[in-house]
Amino acid sequence: MTQDEKFMLEAIDEAKKALALGEVPVGAVIVRNGTIIGRGYNRRETDKNAAGHAEMAAVEEACKNTGGWRLWNCCLYVTLEPCPMCAGAVINSRIDRVVFGAYDKKAGSCSSVIDLFALPFNHRPASTGGVLGEECAKLLSDFFVSKRTKNITPPKSRVILTLDTITKSPEEPSEALRLLKKDFVLVLLSFLSEDETADILHTLGLEAIFDSRIFCSRDLSSETAALRHAVRRHGTKSTVLTGSTDLDRAAAQTSGIEYLHAAYSGSKTKAPCRKINSLSDITELKEISR
């Protein structure tokens, strides 16, 4: 193991402290004559401080430990290529050399975006990149993958309700529809005016997404067109149409989506009736929509 790798491992240990706080895992150490005189890790979110980078913390601690702002004969080891702010701090503190792990294509200021150390400032530090670069890069990539996965909300399945399934007996299915709302995006496929549709939703106490279509006559082509529009418009996981007529079933089949027959007490339909007003029905909808 080289001297550079030895101290880069120390910087990685600092980066893991940032990781434990949920911060972007970047760590740094400053070494003089083989001894670490400053340590730091990213605390930008924790401290709500734009300057809370690992390098800045390491420079601050090193200055306190040495009793001066000039960090002569020092080397900064950091897991990620310094940004413009931190590269500037290196120049201003007179650090002789920077060793970094992963390259930063978005903000790296030692070669990736710009090389500030090559510009004619009054101090020009040397730099070496890619030391334990794979380990440092993996620490960062694993963090961002984990963060993206954690923040992704599983998409809700869509349940498209035809108007007749909620108007035969508005009081009866209202509680079930409220329960449905927790797990599904509800879309009302309406052949009434938008005002009438809104009144029905208000009566049921729902805040549902709805597509209002006005047709002179309800037929398969018009229902299929409206159904396909609703499917395209709402980008959700999958779709189930609940209806109570043969037309609803045919429209679902034509559009290539799942269908659940839903009718209520007193319905004259000869098809098997199913009330969407119980937890068992909602469970079945979940199974169908997976």
Side-chain angles (χ1 to χ4, degrees), residues 1-21 23-44 47 49-144:
M1 180 183 294
T2 67
Q3 188 85 340
D4 283 349
E5 290 173 339
K6 172 187 173 182
F7 288 114
M8 186 58 72
L9 287 174
E10 294 286 340
I12 289 174
D13 285 343
E14 293 298 312
K16 290 177 180 178
K17 295 178 183 178
L19 183 61
L21 293 176
E23 298 273 3
V24 176
V26 180
V29 297
I30 295 175
V31 177
R32 173 182 281 173
N33 299 326
T35 301
I36 296 176
I37 61 172
R39 294 177 177 270
Y41 54 90
N42 182 32
R43 293 179 56 92
R44 186 166 53 174
D47 296 340
N49 182 0
H53 287 198
E55 301 96 314
M56 303 297 285
V59 167
E60 183 177 357
E61 184 175 285
C63 289
K64 288 180 180 178
N65 288 336
T66 59
W69 62 268
R70 294 180 180 86
L71 299 177
W72 302 114
N73 302 317
C74 289
C75 181
L76 167 70
Y77 292 87
V78 60
T79 57
L80 180 65
E81 183 180 358
C83 70
M85 174 181 68
C86 296
V90 168
I91 293 170
N92 286 325
S93 62
R94 308 297 193 266
I95 290 175
D96 294 293
R97 181 172 177 246
V98 172
V99 178
F100 62 88
Y103 287 84
D104 185 353
K105 296 180 180 180
K106 293 183 178 180
S109 298
C110 299
S111 64
S112 293
V113 177
I114 191 173
D115 187 355
L116 290 181
F117 299 161
L119 298 179
F121 293 113
N122 58 336
H123 178 68
R124 297 186 188 181
S127 67
T128 302
V131 176
L132 298 185
E134 290 185 5
E135 292 88 334
C136 295
K138 188 176 186 303
L139 196 62
L140 288 162
S141 61
D142 287 351
F143 168 78
F144 286 114

About how many Å separate OG of Ser127 and CZ of Arg97, when rounded to the nearest 0.5 Å? 9.0 Å
In Å and rounded to the nearest 0.5 Å, what is the OH to CZ distance from Tyr77 to Arg39? 13.0 Å
Using side chain to side chain contact (heavy atoms under 4.5 Å, CB included), reason through Phe100 and Ser111 one step at a time and then give a plain yes or no. CA-CA 11 Å; Phe100 62 88; Ser111 64; 4.3 Å; yes
Would you mind checking if Glu60 and Lys64 are paired as a salt bridge, meaning a charged N to carboxylate O distance below 4.0 Å? yes
Could you check if a side-chain atom of Lys106 sits within less than 4.5 angstrom of a side-chain atom of Val113, using non-hydrogen atoms only? no
State the CD1-CD1 distance between Ile95 and Ile30, to the nearest 0.5 angstrom. 4.0 Å
Between Glu135 and Lys138, does any side-chain N to carboxylate O distance fall below 4.0 Å? no
Measure up the His123 and Trp72 rings against each other and bin them: parallel (under 30°), tilted (30 to 60°), perpendicular (over 60°). perpendicular
Pairs involving residues 27-37, ordered by first then second residue, that meet side chain to side chain donor-acceptor pair (under 3.5 Å) (sequence neighbours left out): none
With sequence neighbours excluded, tell me which residues meet side chain to side chain contact (heavy atoms under 4.5 Å, CB included) with Ser109. Pro84, Ala87, Ile114, Leu116
Arg124 side chain to Leu119 backbone, donor-acceptor under 3.5 Å: yes
The single option from Val99, Thr2, Ile36 that satisfies side-chain contact (heavy atoms from CB on, under 4.5 Å) with Phe7 is Ile36
Nearest heavy-atom contact between Gly101 and Met8 is N-CE, 3.6 Å
Option passing side-chain contact (heavy atoms from CB on, under 4.5 Å) with Pro25 (candidates Ile12, Leu19, Leu80, Asn42): Leu19
